[in-house]
Amino acid sequence: MTNKDIADIFYQLADMLEIKGDIRYKIIAYRKAADGIAHETQDLAELRRQGELRTIPGVGEKIEAKIGELLDTGKLRLYEELKQEIPDGVLSLLSVPDVGPKTAWLIYQKLGIHSIPDLEQAARAGKLRTLPGLGVKSEEKILHGIEVLHRRSPRIPLGVALPVAQELVAGLAACPQARQVIAVGSLRRRKATVGDLDIMAASSQPQAVVDCFVGLPLVGEVVSHGDTKATVILKDGVQADLMVLAAEHYGSLMQHFTGSKEHNVHLRELSLSKGLSFSEYGYTRRDGSAILCPAEEDVYRTIGLPWIPPELREDSGEFEAAKAGRLPRLVDLGDIKGDLHCHSNWSDGAASIEEMAQAARGRGYVYIAITDHSKSLGIAHGLDEERLHARQKEIDALNARLAPFRVLSGVEVDIKADATLDLPDEALAQLDIVVASIHSGFRQDRQRMTQRLIAAMRNPHVDIIGHPTGILLGEREAYDVDFEALLAVAQDTGTVLEVNAMPNRLDLDDVHVRRAVERGVKLAISTDAHRPDVLATIVLGLGMARRGWAEAKDVVNTMTMEKLRAQLK
DNA sequence: GCCGTTTTCGGCCCGACTGTTTTCAGTCG
């Protein structure tokens with residue numbers, strides 16, 4: 001039973017208790033514990049052996065016992081009992097927009113409905129309007145909610161969301177009354193995927209800006225439209241929310257709308273303990289007087305904290321670090337001195353080595369590693385020893401011309417299913433840098449997967465493990481691998497783990513990065529670029545690294561050429 | 001059900017939008 005399984009059970013427990021109308025704060029407590037468990041990187045069974053379960057935020061005496069029950073028996077009595085009363089299908093109704101716990105329970109109790117198709121049928125038959133508190137409008141809303149549910153785009157990768165958000169921001173910025181339009185929400189926090197786009201602006205006439213927003217050409221449908229906020233669904237199915245307030249509230253609104261929810265709740269609790277109530281309008285003292293926050297820094301400063309970077313705002317220790325003056329100095333785009341995983345037209349890249357190098361130089365980098373595929377990747381026109389040798393001559397000539405800029409001669413060597421590498425050690429020894437990656441045999445069991453990666457790390461020539469977990473966002477799960485074991489070997493051998501910035505990879509993700517940083521394992525933020533313009537996607541990998549609390553010292557491609565050479569095996 | 005430079009008991013984030021319940025509950029972010 002994984003941490004995620006256990007967290008899911010507590011989330012469901014919270015839903016079920018909410019449906020039954022249990023005490024609100026008990027429900028909040030279960031959700032908070034579930035959040036804590038979901039964010040825990042250590043195995044719960046292991047934590048329990050060490051008697052450390054209560055260190056998880058939100059886990060107290062009762063929930064500790066329930067985790068124990070789950071780990072011992074695989075079941076939870078309270079959960080089983082509630083499932084008798086509330087069929088699974090009732091919980092599924094909650095996924096329909098505008099159907100919450102009260103409505104779901106009412107519909108189940110009065111009409112016996114516990115599936116979305118049945119709900120749709122009842123709505124079409126006009127049965128919902130007969131229920132107390134529901135009318136024709138509610139019925140239409142629910143019917144529409146079901147439609148939206150079917151049509152709505154799932155979470156979108158950050159790399160896809162960013163340009164859409166930019167377009168939306170530009171569109172809104174053209175509204176005459178809109179000032180300081182920016183994208184906030186999970187996009188600003190640089191989550192690997194975002195559920196919707198959150199946009200905000202300042203204006204002395206918020207309503208005019210909201211009116212302008214709902215009329216933008218990108219907008220497909222208006223879900224709600226008030227004086228200060230609106231929700232729309234764009235023509236491509238993505239939901240976008242807008243909030244607008246006067247400039248004097250700009251900082252508090254930005255803080256509020258950037259989230260996360262958990263971070264905001266923590267910040268507001270902290271404020272209350274200092275006699276202040278906080279909302280997007282700013283602080284209110286107990287006597288009702290206001291403290292305005294035109295800048296986001298004002299929000300944190302008012303409660304005695306330094307500004308917290310958006311990427312850290314997940315309530316996973318950032319307040320404690322801020323209070324202690326121990327916030328990390330996160331790695332920044334300006335720290336990056338090169339890209340250590342790129343392809344050229346010697347394998348499956350679209351550009352020459354020189355074109356890639358010039359693009360890197362144009363970004364202010366001082367080096368780029370050309371890491372073409374190795375021979376077993378036939379479709380990628382992978383290199384054998386002979387072609388590696390030929391390529392080396394081209395790189396040498398280029399380096400003579402481009403100095404002090406440096407092209408590192410490298411390879412992305414395939415880790416084959418039998419745990420051997422696709423090129424002999426003698427060939428690898430000739431290269432400046434070796435990235436080793438898995439491109440086949442993803443379905444091997446945990447032990448074999450882990451052994452393959454460990455074997456690669458123990459090779460004296462392998463510098464970096466490429467896209468270490470193999471995840472493809474929305475397409476393929478990460479391979480089953482013992483990440484803690486990998487970290488131990490990475491540390492032991494000085495092997496670097498990659499943060500691959502491809503929009504559909506983002507691998508390592510934030511959680512893995514944080515664990516690696518805690519263990520002192522070094523990272524490389526790399527684009528895996530097959531074209532010069534793709535070098536710009538480094539910002540996506542940077543987002544993961546920053547969300548994982550990585551500083552420049554944790555990232556090898558912030559090093560000068562000399563230091564990097566010393567770092568590489 | 002959790003938790004404590006206010007507290008081991010009494011708190012627990014805050015506001016907008018919508019529909020229907022003529023004063024507010026439900027849902028959402």
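Note that this is a predicted model, so its numbers are computed, not measured. Letters go in sequence order (proteins before strands), and every chain restarts at 1.
The existence of a salt bridge linking A/Asp72 and A/Arg48 is confirmed by a sub-4.0 Å separation between a basic side-chain nitrogen and an acidic carboxylate oxygen. At a threshold of 4.0 Å, the pair A/Glu40-A/Arg514 does not count as salt-bridged, since none of the basic side-chain nitrogens sits closer than that to a carboxylate oxygen. Between A/Arg546 and A/Asp332, at least one side-chain nitrogen of the basic residue sits less than 4.0 Å from a carboxylate oxygen of the acidic one, meeting the salt-bridge criterion. The existence of a salt bridge linking A/Arg190 and A/Glu311 is excluded, since no basic side-chain nitrogen approaches an acidic carboxylate oxygen closer than 4.0 Å. Between A/Lys32 and A/Asp35 no salt bridge is recorded (no basic side-chain N to carboxylate O distance below 4.0 Å).
Looking at A/Gln42 and A/Asn3, their side chains never bring a donor and an acceptor atom within 3.5 Å of each other.
Within residues 28-65 of chain A, the residues having any heavy atom under 4.0 Å from DNA chain B are, by residue number, A/Ala29, A/Tyr30, A/Gly58, A/Val59, A/Gly60, A/Glu61, A/Lys62, A/Ile63. Listed by residue number, the members of residues 211-227 of chain A with any heavy atom below 4.0 angstrom from DNA chain B are A/Ser224, A/His225, A/Gly226, A/Asp227. If you check residues 291-327 of chain A against DNA chain B, you find no residue with a heavy atom closer than 4.0 Å.
Taking the P atoms as reference points, B/dT8 lies 44 Å from B/dT22, given to the whole Å. Going from the C1' atom of B/dT6 to that of B/dC12 covers 14 Å, rounded to whole Å. Nucleotides B/dC14 and B/dT23 place their P atoms 27 Å apart, quoted to the nearest Å.
OP1 and OP2 of B/dC3 both lie 4.0 Å or more from every side-chain N or O belonging to A/Tyr25.
B/dA25: Watson-Crick or G-U partner is B/dT18, with both key distances under 3.5 Å.
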Original post:
Along nucleotides 23-29 of chain B, 5' to 3', which nucleotides get a B, which get an S, and which get a -, given that the test is a protein heavy-atom distance under 4.0 Å?
Top reply: ---SSSB
Original post:
What string of B, S and - do you get for nucleotides 6-11 of chain B, 5' to 3', when a contact is any protein heavy atom under 4.0 Å?
Top reply: B-----
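Using a 4.0 Å heavy-atom distance criterion, A/Val210 is classed as making no nucleic acid contact. Among the protein residues, A/Ser271 comes within range of no part of the nucleic acid, since none of its heavy atoms lies under 4.0 Å from any strand.
Between A/Phe278 and A/His256, a ring centre-to-centre spacing not shorter than 6.0 Å is recorded.
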**OP:** Check step by step if side chain to side chain contact (heavy atoms under 4.5 Å, CB included) holds for A/Lys83 and A/Tyr79.
**Re:** CA-CA 6 Å; A/Lys83 283 187 93 161; A/Tyr79 180 70; 3.6 Å; yes
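Nearest-nucleotide positions on DNA chain B place A/Thr284 closer to the 5' end than the other of A/Gly135 and A/Thr284.
A/Val539 meets the side chain to side chain contact (heavy atoms under 4.5 Å, CB included) test with A/Leu333; sequence neighbours excluded.
Relative ring orientation between A/Phe483 and A/His512 is described as perpendicular, the plane-to-plane angle rising above 60° on a 0-90° scale split at 30° and 60°.
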